[in-house]
Structures are given as structure tokens and as C-alpha cells.
Amino acid sequence: MHQQPVQNFYQQIAANRRQSLFLVFILTALLGVFGFVIGFALSGVWQGAVIALAIAVLISALLASLSYFSGDSLVLTASAAREVNPTSAPQLMNVIQELAIAADIPMPRVYVINDTAPNAFATGRDPRHASIAITSGLLEKLDREELQGVIGHELSHVRNLDTRFELLVATLVGSIALLADFFLRFTFWGGMSNRRGRDNDSGGGGMAIVFMLIGLVLAIVAPIVAGLVQLAVSRQREFLADASSVELTRNPYGLERALAKIAGDREVLEVANRATQHLYFVNPIKKWEERSSGLMATHPPIVERINRLRALTGEGPMDPQSTAALAGLD
């Protein structure tokens with residue numbers, strides 16, 4: 001059998017963190033450049049550009065604050081999740097408690113979603129305010145080792161502050177989209193002609209016209225680029241959580257089996273939508289659904305996730321038949 005070079009989970013964790021931070025840097029730079037360009041295009045002076053940049057940062061901070069304090073409760077309510085305790089879900093609570101101890105984080109609040117499609121997600125701004133939601137289908141269809149792999153993955157999101165990290169990314173993307181919408185509406189309602197008239201009256205302003213054109217291009221391109229970067233960040237954090245789960249459980253095989261089993265399940269998670277799909281263990285929106293979008297996939301392919309787990313043990317990648325079968329389901 002073909003053997004892959006063994007890669008330990010610490011190497012995978014470090015690599016994924018570096019890639020995620022680089023992607024956030026790209027988003028931050030894009031927001032800064034876009035705000036500066038819009039400010040100069042509208043004012044014609046460098047001071048205006050700096051003021052616009054400051055406003056863009058302020059908008060991002062306000063959006064982040066709103067999501068930071070209320071985002072988790074909104075997601076849990078939208079998912080029809082009900083809180084459980086050791087009496088109503090003893091095995092589940094036992095697994096979560098033992099892995100929370102291994103991760104050295106407080107016990108999160110635990111919720112169950114009454115849906116037969118197997119899946120799970122974590123939410124909350126930090127480990128002290130974390131919640132984990134698991135579908136009833138996950139409890140019914142996975143054995144204990146597989147359940148440990150999934151819970152380890154979700155607790156890793158909590159420990160790695162992925163929910164806070166993705167909140168930052170979502171805020172940056174939302175701010176870029178708001179700036180783009182504002183600028184396009186401004187130019188549509190005569191901003192370009194008014195700007196040109198004022199520049200002609202003052203006998204200059206050619207640079208402002210150039211910045212106006214650059215701003216129009218960015219208003220169209222920046223939200224698309226930001227969305228793609230957001231998806232890339234989400235995928236990197238999934239790889240990071242997989243590697244971190246193995247660190248907690250010391251068992252890549254349970255997580256590998258869970259990935260394959262959940263990917264092969266054909267039941268649809270009704271409460272999931274495009275706004276919440278990035279939170280789940282695997283993408284809850286199946287390829288064959290009308291609401292699916294391959295270009296905007298929030299998760300890495302299941303085959304790639306499994307093969308990265310196999311790299312931890314030196315086991316060969318999935319055989320072509322299994323790869324084709326899972327690729328068609330993911």
C-alpha cells in the first residue's frame with residue numbers, strides 16, 4: 001500500500017493558522033484601500049480619504065459589536081435548538097464533558113436539534129460563552145468514537161476561537177459590501193456628474209476622477225473577492241478543527257468514519273440555510289438541492305478532509321472508487 005509522509009497535527013494546525021491570518025490580512029487591506037479610494041473620489045482631498053477610511057473602520061466595529069453579543073442566540077433560535085442536560089442526554093453530555101476537560105475549556109451549553117440529518121455546530125464569542133448544537137440524527141447514526149470525532153471538531157472551533165475569528169471575517173466582508181452598495185448608489189444618482197462639475201469649476205481634480213473610476217471597479221470586484229476570501233478562511237478553519245480534534249481524541253479514524261458517514265447521508269437538514277451553513281460540521285446543503293452553490297462552498301471537499309487525516313497516520317489516500325463516490329455526495 002502506498003504510504004504518505006506522516007504529518008503531525010501540530011504541523012497542520014500551525015500551517016492552517018498562518019494561512020487564515022494571511023487571508024484576514026487581505027480582507028483588512030481590501031477594506032482599507034476601498035475606504036480610502038471612496039473618500040478621495042468623493043472629496044477630492046487626502047483628508048477626505050482618511051475620514052472615509054475611519055468611517056469604514058467604525059462601521060466594521062459597530063457590526064462586530066452587534067454580532068459579538070447577540071449572534072449565538074439568534075443562530076440557536078433560528079435552528080430550533082433546545083437545551084439538554086445530563087439527565088435528558090447522558091451519553092452526549094459525558095462525551096462533551098470529557099473532551100472539554102481534554103481541551104481545557106469550560107463545559108459549553110449543549111443543544112439538540114430535532115432533525116434526522118446528522119450534523120452539528122458550535123457558536124459563541126469565547127469558550128466561556130460557547131454552545132454546541134447536535135442534531136438528533138447525529139446521535140442516532142454515529143457510534144461513540146465517531147461522535148467523539150465530531151464533538152472534538154466542534155470543541156476545537158471553540159478553543160481555537162474560530163467563532164470569534166469568523167465573526168471578524170464576516171464583519172470585514174459585510175463592511176466591504178456596505179461600502180460598495182453605498183458607492184454604487186451614489187454614482188447611480190448623479191454623483192459622478194456632480195463630482196466632475198465641481199472639479200471643472202475648481203480647475204482641477206483629475207486625480208479625483210481617476211479615483212472615482214477605480215472606486216467603481218472596486219465596488220464591483222471587492223465584494224466578490226471578499227466573499228471568496230471568506231470562504232477560503234472558512235475552509236482553512238475546518239481543516240484546523242479536524243487536526244485539533246485528532247489532538248484531543250488521539251483517534252483520527254473515528255473522525256474519518258464520521259466524515260464519510262455524514263457525507264453519505266442523503267437526508268436534508270431543513271433548518272440550515274446559506275447564512276448558517278458555514279457553522280456546521282459538514283455542509284448541510286447537499287449538492288443536489290436547488291439552494292446549493294458549488295462556487296460558494298463553505299467547506300472543503302470531504303475527500304480532501306479525509307486524506308489530510310490520513311496524512312497524520314501515513315495511510316495512503318482514498319482509492320479512486322471511494323473518492324468518486326464521496327465526491328458525488330459531498
Taking side chain to side chain donor-acceptor pair (under 3.5 Å) as the definition, give me every residue that meets it alongside [X], ordered by chain and number, with sequence neighbours left out.
{"X": "Ser136", "answer": "none"}
{"X": "Glu154", "answer": "none"}
{"X": "Asn119", "answer": "none"}
{"X": "Thr28", "answer": "none"}

>> Considering only residues two or more places apart or on different chains, which pairs with a residue in residues 91-108 satisfy salt bridge (charged side-chain N to carboxylate O under 4.0 Å, His left out)?
In response: Glu98-Arg144
> Applying salt bridge (charged side-chain N to carboxylate O under 4.0 Å, His left out), which residue pairs with at least one partner in residues 105-115 are found, sequence neighbours left out?
Replying inline: Glu83-Arg109
Partners of [X] by side chain to side chain contact (heavy atoms under 4.5 Å, CB included), sequence neighbours excluded?
{"X": "Pro252", "answer": "Val246, Thr313"}
{"X": "Asp181", "answer": "Arg185"}
{"X": "Ala219", "answer": "Phe34, Ala180, Phe183, Leu184"}

Not counting sequence neighbours, which residues clear ring-ring contact (aromatic ring centres under 6.0 Å, His included) with [X]? List them please.
{"X": "Phe36", "answer": "Trp46"}
{"X": "His278", "answer": "none"}
{"X": "Phe121", "answer": "Tyr280"}

